[in-house]
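Presented below is the structure to which this report refers.
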Amino acid sequence: MINDDRMFSEFSEFFTVGIADMKNSLNIIMNTMEDVILKSRLEQSDQSERLSSVQYESARLGGELNKLHSIYRLCCSDLQVNVEEEYVRETLEAQINNNYLLFETRGIEVEIECEEDVVWFFDQDLIGCVFNTIIISVARYARSKLLLSASIKDKMLFLEVSDDGEGYPEDMINAPSIFEGAHQAGDKIKNLGLYYAWKIASCHEHNGIRGSISLSNDSKFGGGRFALSLP
Amino acid sequence: MAYENYSQLRVLVVDDFMQFLTSIKRMLEELGVVKIDIALSSSQALQFCDGPAYDVVLCDYNLGDDVKNGLHVLEAIREKRAIRHHTMFVLVTAETSKEVVLATYDEEPDAYLTKPFNYKMLYQRLNRILLRRDEMKPVFSALEKNELKQAIQCCEKKSEMTGRFQVDFKKLLCDLYLKNKNYDLAEMLLKKVLDERPLDWAKISYARVKVALGEFEVATDNLKDLIRSNKFCLQAYDILIDVYEATGETEKKQKILKEVTDVSPLSILRQKRLGEVAQVNNDMGTAATAYLRCVQVGKHSCHKAPEDYMELGRTTAAMLAESNGDMERHSQKTLEALSGVSSQFGSDSNRDTQLLLVQSRIYSGLKNETKSVSMLKKAEELIRQNSDILDVKTKLDWAQAISSNGEKERADKLLRELVMEYQDDEKALSEIDKHLAEPKSKANRMKIASINREGVGFYNDKKYAESINLFKYAARLFPKHVGIRLNLVQAILGDLEAGDRTLDRRGLCLEILNSVSEEIPDSDRQGVRYAHLRDKFDKLERLF
């Protein structure tokens with residue numbers, strides 16, 4: 001247990017330095033892999049397909065590190081949600097670019113439906129992190145298509161990720177409504193990744209309205225659809 | 001939209017890690033950049049920056065064993081070049097600690113790139129800042145020609161168009177309105193933004209407008225709200241500090257500086273300001289701590305200055321002289337810092353002499369008489385050699401070192417000579433004032449007169465609490481001023497007679513009376529007053 005200030009500050013130090021070190025290492029791994037894949041394509045070898053699982057795992061690792069960092073930021077250091085007026089397309093594009101090789105090696109076609117000048121109010125780091133996690137997992141389950149779309153309705157921003165995979169299982173679709181109901185401290189949280197997305201969405205509040213998430217299997221490609229709304 | 005002129009760009013990449021440099025270089029070449037310079041350390045980076053300006057500097061935050069980090073490099077580049085709109089600085093970082101994140105708030109790089117990142121991420125970031133630079137170019141070139149009105153017109157036109165940079169133009173336009181004193185226009189723009197969403201940047205600019213209009217109360221209320229809702233909003237503290245500077249509320253100014261340096265300790269300039277204001281308020285403990293932090297965090301900053309080291313020494317000596325607490329660790333650190341001054345900043349007659357004098361005072365405070373005396377002797381040797389080029393600061397340090405070595409009379413004589421020597425130099429006089437019983441500069445004499453008038457007014461109206469507060473403040477500004485201190489005693493005694501016994505002020509009265517009795521002869525006018533107040537104190541003492 002962390003029971004005093006000194007231990008806490010030591011923990012913080014280890015934690016933040018540790019995350020920075022891991023990100024540095026991961027950066028080298030991913031850059032080297034990018035090199036190898038691009039080169040092997042030129043040489044038309046089948047290396048790049050064989051590296052696709054390594055791609056997926058390192059993308060996941062990067063996503064998890066970002067997530068840990070943002071959770072630390074919100075829970076342990078008192079840095080707050082930093083809401084600014086942001087360009088929505090840019091935020092979505094960044095997450096696709098982050099993982100472009102993953103989609104290429106898996107043969108998934110990615111599309112963004114959002115005008116360049118759409119702006120909205122949110123914490124770009126946190127929302128970016130949520131979408132990064134979601135699209136990495138979608139990359140695994142989608143067959144060939146992934147669509148990110150954004151629209152503004154009734155003073156809310158709706159961001160959606162649609163795919164042509166098998167769709168989400170029942171318990172994931174029900175998860176957000178379980179999160180909404182107050183769960184007791186000590187209760188085991190299922191679907192931790194979704195819980196994180198829900199938590200970040202609900203950190204965004206304006207005029208008493210909070211952000212939220214929902215999942216369904218009515219994507220226009222017949223697969224799953226993840227939606228996040230922000231006030 | 002894509003940026004098209006990558007082949008024309010000059011780019012500098014800074015990192016201590018070769019593998020990183022190679023992979024960034026590959027990515028840049030992929031984009032079509034031809035002119036790429038590579039620096040393996042901060043000093044190499046700064047050398048490169050002496051040449052023609054770069055379009056982009058990509059710099060890692062962590063430069064390994066190098067003494068400076070990426071933000072130091074940015075600080076130095078901006079200090080060197082007045083025009084900051086040409087070179088786009090991208091800070092590459094894996095850093096996550098709160099201190100580092102907050103330090104980046106102050107320097108505001110043009111973009112961040114968080115590790116891990118790939119070719120496409122780099123491309124997206126560069127594309128955005130370069131397109132924005134091009135888009136904003138007409139505004140900035142008008143500004144460089146001092147055509148403020150033209151810049152505003154251009155900015156107004158751009159901010160009305162919908163496009164990728166409307167948010168940036170809105171912020172810039174607001175700054176320009178402020179600069180051109182179009183306060184009503186700025187306020188209108190900001191109200192529109194704030195109606196939609198309470199964004200921090202708009203709240204900050206709104207407070208700026210209110211400050212410019214002299215509506216300090218509205219401004220401070222807004223800023224305090226802002227800090228309550230986001231305690232990391234460093235700019236809000238900075239404006240509040242400027243407000244208190246303008247209104248002369250030095251105690252409030254110190255309080256806010258203390259808060260902001262607690263929140264974000266890595267800023268050398270704020271630590272320095274805290275040191276300065278605490279010195280004005282005669283809070284030597286706070287001042288000495290702030291100056292120590294200032295020289296520690298500023299070790300590699302381009303803002304570091306020898307004067308900060310000297311003030312560290314002076315405030316430490318003053319703190320030692322007035323306190324009995326354990327200051328051993330602080331003093332040792334101070335002496336350590338002072339010992340590095342010559343090697344860092346080179347030799348200078350005034351500074352070398354001041355160093356010896358300040359060290360002598362610190363040793364005297366540490367009861368190390370041998371060292372204290374020998375330092376003073378060495379200093380006086382230098383003083384004899386350079387008597388014609390010594391400035392008032394050095395001479396004041398000399399008087400104080402003499403005094404702390406126990407020769408009060410010789411010190412007083414030197415001070416009297418200084419008053420004569422600088423009688424026509426208002427600035428020097430106000431420096432000397434801090435060490436005199438009665439100030440000699442016009443400004444300080446007027447200040448004391450007005451405080452006395454106000455304080456006595458409160459006293460006559462039987463507003464004792466107000467009177468006490470005012471004289472307490474004045475006694476901190478002019479700790480040697482006998483009249484002020486006796487006024488304070490008188491106000492406390494008046495309060496006591498009126499029946500207020502809740503606060504323990506006996507100790508303060510006694511302390512003042514005892515020190516005054518040592519300082520003045522009985523025949524003095526103040527001496528008569530002293531005797532009267534001492535008498536009254538003795539009579540009222542049982543009431544405390």
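Please read these numbers as outputs of a predicted model, since none were measured by experiment.
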Any chance the side chains of A:E34 and B:N118 put a donor and an acceptor closer than 3.5 Å?
no
Might you confirm whether atom CG of A:D154 has over 12 heavy atoms from other residues, nucleotides or ligands at distances under 6.0 Å?
no
When you check the gap from the basic side-chain N to the acidic O, do A:E84 and B:K171 get nearer than 4.0 Å?
yes
If you count every heavy atom of other residues, nucleotides or ligands that lies below 6.0 Å from A:E115 atom CD, does the total exceed 12?
no
Tell me the closest heavy-atom pair linking A:Y100 and B:Y119, and the distance in Å.
OH-CD2, 4.1 Å
Begin from the C-alpha positions of B:M27 and A:N31 and carry the test side-chain contact (heavy atoms from CB on, under 4.5 Å) through to its verdict.
CA-CA 10 Å; B:M27 294 181 194; A:N31 286 339; 3.3 Å; yes
Quick check on B:Y123 against chain A: is it the side chain, the backbone, both or neither that has a heavy atom closer than 4.5 Å?
neither
Relative to chain B, which segment of A:I28 carries a heavy atom at a distance below 4.5 Å: side chain, backbone, both, or neither?
side chain
Evaluation steps, side-chain contact (heavy atoms from CB on, under 4.5 Å), between A:N24 and B:F20:
CA-CA 10 Å; A:N24 274 314; B:F20 173 82; over 6 Å; no
Does atom NZ of A:K199 have more than 12 heavy-atom neighbours from other groups under 6.0 Å away?
no
Is any side-chain N of the basic residue among B:R164 and A:E90 closer than 4.0 Å to the acidic one's carboxylate O?
yes
Flag yes if more than 12 heavy atoms outside B:R132 fall under 6.0 Å of its CZ atom; otherwise flag no.
yes
How long is the gap from CG on A:N99 to CE on B:M121, to the nearest 0.5 Å?
9.5 Å
Measure the CD-CG distance between B:Q19 and A:N27 for me, rounded to the nearest 0.5 Å.
10.0 Å
Separation between NZ (B:K115) and CG (A:N66), nearest 0.5 Å, reads 13.5 Å
What is the distance from atom CZ of B:F117 to atom CG of A:L26, rounded to the nearest 0.5 Å?
12.0 Å
Heavy-atom pair with the smallest gap, counting every atom of A:H206 and B:P198:
CE1-CD, 3.9 Å
For A:E205, does the CD atom have more than 12 heavy-atom neighbours from other residues, nucleotides or ligands under 6.0 Å away?
yes
Does any heavy atom of chain B fall under 4.5 Å from the side chain of A:T32, the backbone, both, or neither of them?
side chain
How long is the span from the CG atom in A:N98 to the CD atom in B:Q124, to the nearest 0.5 Å?
9.0 Å
So for B:Q166, is it side chain, backbone, both, or neither that comes closer than 4.5 Å to the heavy atoms of chain A?
both
For B:E30, is the CD atom crowded, meaning more than 12 foreign heavy atoms sit under 6.0 Å from it?
yes
I would like to know whether B:T93 and A:K23 meet side-chain contact (heavy atoms from CB on, under 4.5 Å); could you show each step before the answer?
CA-CA 9 Å; B:T93 165; A:K23 283 185 177 176; over 6 Å; no
Does any part of the side chain of A:N82, heavy atoms only, come nearer than 4.5 Å to the side chain of B:F232, both counted from C-beta?
no
Worked verdict on A:F121 versus B:E196 for side-chain contact (heavy atoms from CB on, under 4.5 Å)
CA-CA 10 Å; A:F121 308 92; B:E196 195 174 1; 3.9 Å; yes
